[in-house]
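We number each residue from 1, following the sequence as shown.
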Amino acid sequence: MKCQYLYFLIVLISLQLGYSQQLELRFQLIDEATESPISDAHIFINGSSMGTVSDAEGICELNVSPQETQELIITHIAYETLVLLPEQYRALLENAPIRMKGNGVNLSEIEFTAKRSSKWKKNLRKFRKTLLGDGIAASKCKILNPEVLRFDEQDGKFSAHAIDLLHIYNDYLGYDIQFLLEELSIESDGSTIYKGNVQFTDKADVNEARKKRRSQIYQNSLAHFLSSLISSPNKAALEQQGYLVAMERYSQGQFTNTASPEPQELVQADSKPGFYQLHFSEFLSIKHKSIKLNVAGQKVNVSNAEQQKYGSNASVSIGEEETLATSRLYKIKPYLLVDIRGNIINKAAVKEYGYWADRRLATTLPIDYKKFSDFNLPSPSTESAVDTLLVFKHLLGGNPEKAEAAVQFLQNNWSDTYIAPLLDVLRLGNAWQQREIGALLKARVPEMEAEYFAGIQYLWKNKPSYDSYYANFKAHLYSAIDTAFHQYFFEREAQANIRLDEIVWGGVKQDGIPPLRAPNMIKAEQALYLSDSDVVFGLVINGMAYAYPKRILAWHEFFTDDMEGLSIAGVYCTLCGTLIIYNTEFDGVKHDLGTSGFLYRSNKLMYDSATQSLWSTIMGEPVVGPLVHQNIELSTLPVETTTWGEWRSRHPNTKVLSLNTGHDRNYDEGAAYKDYYSNDA
């Protein structure tokens with residue numbers, strides 16, 4: 001027991017020290033090809049005022065908070081941009097080398113011209129409005145190097161990119177802005193989008209007027225709302241902060257109020273101190289009490305006297321021609337992960353609508369406008385300070401004393417967030433682990449049967465309750481089966497748009513059910529192994545017919561091929577007996593897909609070899625991993641399910657899979673899964 005206490009005490013002390021100290025990052029940028037140092041690269045924490053420039057020796061020095069949650073951006077006009085997660089850049093100490101890959105840009109060949117056509121100036125005005133917005137704040141912003149911009153118009157769509165960082169001076173708020181543009185476009189229907197990485201630098205002459213404007217913008221920002229939601233004990237306190245909150249459902253073009261929740265119903269503490277999970281169903285509606293809109297959409301600030309008149313605990317009656325400005329959040333992932341400043345960590349988990357969605361760069365504040373030190377971070381308790389992932393690793397490890405201490409800790413500090421990882425261990429663990437976990441689950445969750453498949457059905461019927469360490473836990477657990485599984489999950493909690501507790505191991509390794517790669521195809525008259533009644537899946541590409549017998553695909557469930565100028569992947573579902581064929585090329589990139597070994601609600605998940613992202617076979621899109629943010633959706637090819645006799649009669653020149661697959665299988669009709677289908681269980 002003394003060893004167990006000492007272990008947790010060490011963890012607690014190390015975390016408490018981390019609350020007060022700054023991380024002093026110091027690293028060197030090096031050319032990957034020449035090994036020479038890279039000077040004049042811009043390095044900054046995305047969205048913040050924290051940044052630096054590499055010196056003549058490529059050395060970069062930057063102080064950041066140990067709690068920082070945003071990416072570190074490293075960019076140079078002649079090199080590919082690097083984006084490092086907090087877990088990665090926290091290791092950049094003592095001149096750690098970072099190698100950068102050249103992007104092929106020859107600086108001596110870049111030409112700038114001061115003379116611009118009227119069309120270019122018109123495009124610049126479009127760009128400014130999309131990026132900066134309109135109104136007085138945008139009018140006070142100046143793009144200092146517009147010559148780095150490139151515009152394009154095709155089929156009614158306007159797009160822009162930049163060959164270097166955009167330099168913008170925001171005179172309205174007093175910031176110098178460096179903006180690394182990723183995407184900016186205006187669709188033919190008028191809808192707009194812009195994405196990029198940004199660094200803010202405070203001007204020396206931040207007068208009282210600019211400070212007041214910053215404060216006004218912050219008071220109605222998403223970050224202020226979320227930090228207020230975290231700290232408010234009830235709806236009345238949140239209303240005093242200026243917000244009325246409701247959960248809504250959207251149907252047939254209308255929003256319907258379904259609940260008016262208390263803050264504690266929406267927010268729960270994450271396992272990491274200073275981090276919080278925001279749970280809600282469908283849309284969360286936020287009305288801004290201090291901003292009125294008239295029928296023309298003009299924003300009107302509500303005076304303090306007027307707010308006092310209506311009272312902090314009463315609904316504001318504003319008449320028929322005015323309404324409160326409204327923002328809406330739509331949750332894509334199981335929950336939003338938020339730090340105490342109100343900054344969303346898993347940004348891809350949410351879409352913004354209304355007032356917040358209309359904000360542009362001219363009225364955007366750095367994420368560290370409010371710093372961690374401005375908030376009362378929760379004092380680390382024994383429960384919150386412990387590295388919960390480490391507790392589960394000890395549960396899985398070979399040290400009996402640490403494993404017993406882990407069980408004791410989970411029992412004494414029980415949380416429903418433990419159910420999902422415990423069920424994973426219950427399925428794969430040894431006899432001792434299964435006995436201990438079974439007893440723990442029976443005691444803590446008596447309404448759930450302490451068995452893996454019954455347990456996951458229980459989980460899926462309830463809202464997700466796992467913590468942010470769960471992705472890394474799955475990476476650790478399943479990498480013991482196949483090292484390829486580690487990358488599926490490691491540090492990808494924020495890169496998932498499906499529930500991680502609904503991803504189930506299918507019982508095989510990566511490509512453990514061997515896919516057919518460029519399989520041997522033969523002429524119809526050579527396919528003597530087929531009878532007319534055998535089921536085949538027929539495909540026609542550019543007039544050429546191909547047949548894939550079910551009796552072969554049932555053993556492999558997946559194939560890839562290049563034919564008639566297309567790269568395709570076929571996914572066969574043994575449970576429903578259907579085949580989907582995807583064109584694996586999207587936006588000029590061919591995705592090399594395979595069988596991941598995992599299922600999502602009994603449906604196979606694919607993986608791609610380049611990023612090891614997990615893909616849905618029903619949707620044809622990535623669902624876990626870095627490709628989730630890329631709006632990728634593969635197109636399908638039409639497939640016909642029929643018999644060999646019928647297909648051959650209509651397509652006498654068809655090609656068909658050969659039995660010579662390179663694998664030793666019994667390809668007789670019905671042989672695959674014969675035992676499975678004959679078992680009533």
Side-chain angles (χ1 to χ4, degrees), residues 46-47 112-201 203 209-210 213-214 216-218 220-223 288 291-301 325-328 347 351-367 369 631:
N46 190 22
F112 298 121
T113 176
K115 187 176 181 180
R116 299 295 179 185
S117 67
S118 58
K119 182 178 180 181
W120 188 91
K121 293 176 181 178
K122 180 181 178 182
N123 286 336
L124 179 61
R125 288 194 293 271
K126 288 183 184 178
F127 176 86
R128 279 184 54 89
K129 184 174 181 180
T130 303
L131 179 67
L132 300 172
D134 51 16
I136 186 171
S139 70
K140 296 289 185 179
C141 293
K142 183 176 182 180
I143 299 176
L144 303 179
N145 60 337
E147 64 273 7
V148 304
L149 290 168
R150 301 292 184 267
F151 304 123
D152 183 52
E153 286 188 277
Q154 290 186 9
D155 301 324
K157 178 181 178 180
F158 171 84
S159 61
H161 72 278
I163 62 172
D164 197 5
L165 281 167
L166 272 175
H167 295 184
I168 303 168
Y169 175 49
N170 187 337
D171 186 45
Y172 185 73
L173 296 177
Y175 289 115
D176 274 328
I177 297 173
Q178 308 267 20
F179 190 76
L180 181 62
L181 180 65
E182 290 183 3
E183 175 187 0
L184 184 144
S185 63
I186 305 173
E187 298 291 342
S188 56
D189 62 1
S191 59
T192 63
I193 183 173
Y194 80 89
K195 292 192 299 184
N197 302 305
V198 60
Q199 179 196 354
F200 298 84
T201 303
K203 298 295 288 184
R210 292 191 180 107
R213 292 170 194 150
R214 292 182 184 184
Q216 289 173 339
I217 289 172
Y218 177 71
N220 282 289
S221 68
L222 175 57
H288 302 260
I291 301 177
K292 287 182 180 179
L293 300 176
N294 62 19
V295 290
Q298 181 181 354
K299 293 177 286 296
V300 181
N301 289 325
T326 301
S327 298
R328 288 186 173 90
K347 298 182 183 67
K351 286 187 177 181
E352 300 170 19
Y353 297 92
Y355 176 77
W356 286 328
D358 292 336
R359 300 303 85 203
R360 291 294 188 262
L361 192 58
T363 52
T364 299
L365 297 171
I367 61 168
Y369 174 76
N631 298 318

Legend entry - Main-chain N/O of Gly174 paired to Arg213 side chain as donor or acceptor, under 3.5 Å: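 Flag not set: sc Arg213 to bb Gly174 has no pair under 3.5 Å.
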Tell me the closest heavy-atom pair linking [X] and [Y], and the distance in Å.
| X | Y | value |
| --- | --- | --- |
| Leu132 | Ala362 | O-CB, 3.1 Å |
| Arg128 | Cys141 | NH1-O, 3.0 Å |
| Ala160 | Leu181 | O-CD2, 3.8 Å |

I'd like to check [X] versus [Y] (side-chain heavy atoms, cut-off strictly below 4.5 Å). Are they in contact?
| X | Y | answer |
| --- | --- | --- |
| Arg125 | Lys121 | yes |
| Tyr194 | Phe127 | no |
| Thr326 | Arg328 | yes |

Inset, instruction - Take Leu166 and Leu149, measure what side-chain contact (heavy atoms from CB on, under 4.5 Å) needs, and give me the verdict at the end. - result: CA-CA 8 Å; Leu166 272 175; Leu149 290 168; 4.0 Å; yes
Legend entry - Criterion side-chain contact (heavy atoms from CB on, under 4.5 Å) on Lys157 and Ser185, from CA distance to verdict: CA-CA 7 Å; Lys157 178 181 178 180; Ser185 63; 3.8 Å; yes
To the nearest 0.5 Å, what is the distance between [atom1] on [X] and [atom2] on [Y]?
| X | Y | atom1 | atom2 | value |
| --- | --- | --- | --- | --- |
| Leu180 | Asn46 | CG | CG | 9.0 Å |
| Lys122 | Ser117 | NZ | OG | 11.0 Å |
| Tyr369 | Thr364 | OH | OG1 | 13.5 Å |
| Leu222 | Tyr355 | CG | OH | 11.5 Å |
| Phe158 | Leu184 | CZ | CG | 6.5 Å |
| Leu361 | Leu131 | CG | CG | 5.0 Å |

Inset, instruction - Please determine, by modelled atom types, if Arg360 and Thr192 share a side-chain donor-acceptor pair under 3.5 angstrom. - result: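 Their side chains do contain a donor-acceptor pair, which is all the 3.5 Å distance test asks for.
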Legend entry - salt bridge (charged side-chain N to carboxylate O under 4.0 Å, His left out) assessment of Lys126 paired with Glu153: CA-CA 12 Å; Lys126 288 183 184 178; Glu153 286 188 277; 3.2 Å; yes
Inset, instruction - Apply side-chain contact (heavy atoms from CB on, under 4.5 Å) to Gln199 and Ile177, showing your working. - result: CA-CA 6 Å; Gln199 179 196 354; Ile177 297 173; over 6 Å; no
Inset, instruction - Can you run down the side-chain hydrogen bond (donor to acceptor under 3.5 Å, both in side chains) pairs that involve residues 170-183, sequence neighbours left out, and say none if there aren't any? - result: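 As it turns out, the side-chain hydrogen bond (donor to acceptor under 3.5 Å, both in side chains) pairs with a partner in residues 170-183, which skip direct neighbours, are His167-Gln178, Tyr169-Asp171, Asp171-Arg210, Tyr175-Arg214, Asp176-Lys203, Glu182-Asn197.
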